[in-house]
A.B. asks: 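Structure in structure tokens, see below.
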Amino acid sequence: MKVLVVGGTGYIGRRIVKASLAQGHTSYVLLRPETTYDVDKLQMVLGFKEQGAILIEGSFSDHSSLLNAVKQVDVVICTMSGTCSQNLTLQLKLVDAIKEAGNVKRFLPSEFGMDPSRMGHALEPGRDIFDKKMIVRKAIEDAGIPFTYVSANCFGSFFAGNLSQMGPFIPSREKVCLYGDGSVKAIYLDEEDVATYTMKTIDDPRTLNKTIYLRPQQNIISQKELVGMWEKLIGKELKKSSITAEDFLASMKEMDYYGQVVVSHLYHIFFEGCLANFEIGKGGEEASKLYPEVRYTRMNEYLRRYV
Ligand code: NDP
């Protein structure tokens with residue numbers, strides 16, 4: 001397939017470019033004239049080229065450049081940043097270009113988290129991201145564009161490496177605060193596996209117009225189980241405290257906007273159990289069942305890198 005990655009310089013996007021190349025697709029990476037390059041980003045982009053990716057220029061403020069880019073490919077994967085939710089609705093411009101081009105066989109918009117269609121009740125301000133993702137979904141479906149939505153649950157480095165705490169992205173060797181009794185099931189993924197599963201879906205008829213949930217069985221674990229894996233690796237028991245849902249939500253008051261977004265998302269994951277508390281219905285499939293050949297990383301292996 002010919003695959004265009006929009007947002008290929010980003011955190012999950014660069015892994016998707018790598019997986020696309022590894023799975024033998026002709027891989028295009030959209031580069032924006034507005035992008036600011038530091039030396040790392042520049043070297044990464046040059047590395048893509050060296051590995052065979054085709055760099056193509058296009059801007060969200062230039063419709064013809066987006067149209068030109070999408071006309072060259074079969075599949076478009078957008079991994080646009082979700083940090084600023086306004087970016088997510090910029091994807092409407094991409095939807096317009098894909099609709100006009102008419103040749104794209106599959107579009108994967110920037111999702112890769114909780115399923116936004118299940119988050120209509122979510123707390124503000126975190127809910128804004130889900131609402132924006134739903135606006136993009138509606139535009140895709142109204143335009144009749146073939147799609148796959150990837151619900152990737154918790155990226156390991158954001159949620160496992162820190163034992164699901166707020167704050168630094170490294171696990172403490174001393175203490176941990178559990179959400180409630182820490183027993184609510186979450187789902188953790190190695191980001192490389194997110195990219196591998198994502199690329200497997202792009203030409204699979206079973207994933208057409210569906211949401212694909214990444215729920216590898218062994219990675220459906222509670223915060224307490226995750227902490228237990230870390231304790232085993234370091235051979236030491238952590239000092240544990242616990243926070244109630246009420247106190248956790250109250251902590252939002254002292255935080256900036258970004259902190260509040262994180263608290264509201266963590267609340268839904270670790271108190272409500274929104275990742276694993278539902279059966280996958282008719283419009284969905286589970287990735288590790290579709291692709292049992294992928295040897296996904298278990299979280300005890302994932303945590304080994306932090307020892
Ligand atoms: P990043 O923040 O790493 O950024 C991705 C890309 O966004 C970059 O390539 C950047 O391009 C592009 N971008 C930023 N601003 C603009 C703009 N104004 N116009 C066009 N492009 C822009 O993204 P992530 O990988 O963190 O997030 C991707 C998706 O994954 C999001 O939907 C997010 O919600 C989700 N996510 C899920 C997580 C999970 O645990 N499940 C964790 C984190 C994210 P450039 O280099 O040109 O600036």
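These numbers were taken from a predicted model, which means no experiment stands behind them. Indexing begins at 1, ligand by ligand and atom by atom, following the structure's order. The analysis underlying the following values was restricted to heavy atoms, covering all of them including side chains, and did not include hydrogens, waters or symmetry mates.
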A.B. asks: So if I count the atoms of ligand 1 from 1 in the order they appear, which ones are less than 4.0 Å from some heavy atom of G113?
C.D. replies: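 Answer, ordered by atom number: 41 (N).
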
A.B. asks: Return the residue, atom name and 0.1 Å-rounded distance of the protein heavy atom closest to atom 37 (C) of ligand 1.
C.D. replies: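 Its nearest protein heavy-atom neighbour is F112 O, 3.2 Å.
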
A.B. asks: Look only at interatomic distance and state if I12 has a nitrogen or oxygen under 3.5 Å from any nitrogen or oxygen of ligand 1.
C.D. replies: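 Yes - when backbone and side-chain N and O of I12 are compared with those of ligand 1, one distance drops under 3.5 Å.
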
A.B. asks: Which ligand 1 atoms are under 4.0 Å away from a heavy-atom of K41?
C.D. replies: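 Every atom of ligand 1 under 4.0 Å from some heavy atom of K41: 45 (P), 46 (O), 48 (O).
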
A.B. asks: Which heavy atom of the protein is the closest neighbour of atom 47 (O) of ligand 1, given with residue, atom name and distance?
C.D. replies: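 Looking at atom 47 (O) of ligand 1, the protein heavy atom closest to it is T35 OG1, 2.6 Å.
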
A.B. asks: Can you name the residues that form a side chain to side chain donor-acceptor pair (under 3.5 Å) with K138, not counting sequence neighbours?
C.D. replies: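 Partners of K138 under the side chain to side chain donor-acceptor pair (under 3.5 Å) test: D142.
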
A.B. asks: Output yes when D128 and K132 qualify as a salt bridge under the 4.0 Å nitrogen-oxygen rule, no when they do not.
C.D. replies: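 Looking at D128 and K132, the cut-off is met.
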
A.B. asks: Under 4.0 Å from any heavy atom of N153, which atoms of ligand 1 are there?
C.D. replies: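 Contacts of ligand 1 toward N153, numbered from 1: 39 (C), 40 (O), 41 (N).
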
A.B. asks: Side chain, backbone, both or neither: which part of T9 has a heavy atom under 4.0 Å from ligand 1?
C.D. replies: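 Both the backbone and the side chain of T9 come within reach of ligand 1.
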
A.B. asks: What do we get for S81 next to ligand 1 when only non-hydrogen atoms under 4.0 Å count, side chain, backbone, both or neither?
C.D. replies: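 For S81, backbone and side-chain atoms both sit under 4.0 Å from ligand 1.
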
A.B. asks: Where on E34 is there a heavy atom closer than 4.0 Å to ligand 1, on the side chain, on the backbone, on both, or on neither?
C.D. replies: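 No part of E34 is near ligand 1 at this cut-off.
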
A.B. asks: Short list, please: which atoms of ligand 1 are under 4.0 Å from a heavy atom of F60?
C.D. replies: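 Per the distance check, 20 (C).
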
A.B. asks: Side chain, backbone, both or neither: which part of L90 has a heavy atom under 4.0 Å from ligand 1?
C.D. replies: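 For L90, the contact with ligand 1 is made by the side chain alone.
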
A.B. asks: Quick check: does G13 get an N/O under 3.5 Å from an N/O on ligand 1?
C.D. replies: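 No.
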
A.B. asks: I need the nearest protein heavy-atom contact for atom 18 (N) of ligand 1: residue, atom name and distance, please.
C.D. replies: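 Result for atom 18 (N) of ligand 1: N87 OD1, 3.3 Å.
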
A.B. asks: Could you tell me if any non-hydrogen atom of T79 lies under 4.0 Å from any atom of ligand 1?
C.D. replies: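 Yes, T79 has heavy atoms under 4.0 Å from ligand 1.
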
A.B. asks: Could you tell me whether R15 and E192 have a side-chain N and a carboxylate O separated by less than 4.0 Å?
C.D. replies: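 The answer is yes: the pair qualifies as a salt bridge.
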
A.B. asks: Quick check on contacts: which atoms of ligand 1 are under 4.0 angstrom from a heavy atom of F159?
C.D. replies: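 Those of ligand 1 that fall under 4.0 Å from F159 are 40 (O).
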
A.B. asks: Give the atoms of ligand 1, by number and element, whose distance to some non-hydrogen atom of S110 is under 4.0 Å.
C.D. replies: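 By the 4.0 Å cutoff, the relevant atoms are 28 (C), 29 (C), 31 (C), 32 (O).
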
A.B. asks: Starting from atom 21 (N) of ligand 1, what is the nearest protein heavy atom, named by residue and atom, and what distance separates them?
C.D. replies: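 I find the closest protein heavy atom is M80 SD, 3.1 Å.
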
A.B. asks: Quick one: look at R32 and ligand 1, take heavy-atom pairs under 4.0 Å, and tell me if it's side chain, backbone, both or neither.
C.D. replies: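 Side chain only; the backbone of R32 stays clear of ligand 1.
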
A.B. asks: Within a distance under 4.0 Å of any heavy atom of K133, pick out the atoms of ligand 1 and give their elements.
C.D. replies: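 Once the distances to K133 are compared, the set is 32 (O), 33 (C), 34 (O).
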
A.B. asks: Is NZ or CZ of R14 both nearer than 6.0 Å to the six-membered ring centre of Y11 and within 45° of the ring axis?
C.D. replies: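 Judged by the rule (NZ or CZ under 6.0 Å from the ring centre, within 45° of its axis), R14 is not positioned above Y11.
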
A.B. asks: Give a yes/no on ligand 1: does T36 have at least one heavy atom closer than 4.0 angstrom to it?
C.D. replies: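 Not so, T36 does not reach ligand 1.
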
A.B. asks: Which residue supplies the protein heavy atom nearest to atom 44 (C) of ligand 1, what is that atom called, and how far is it?
C.D. replies: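 Heavy-atom neighbour on the protein nearest atom 44 (C) of ligand 1: F155 CE1, 3.9 Å.
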
A.B. asks: So, do V3 and V73 sit near enough that their side-chain heavy atoms are less than 4.5 Å apart?
C.D. replies: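 No. Closest side-chain heavy atoms not under 4.5 Å.
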
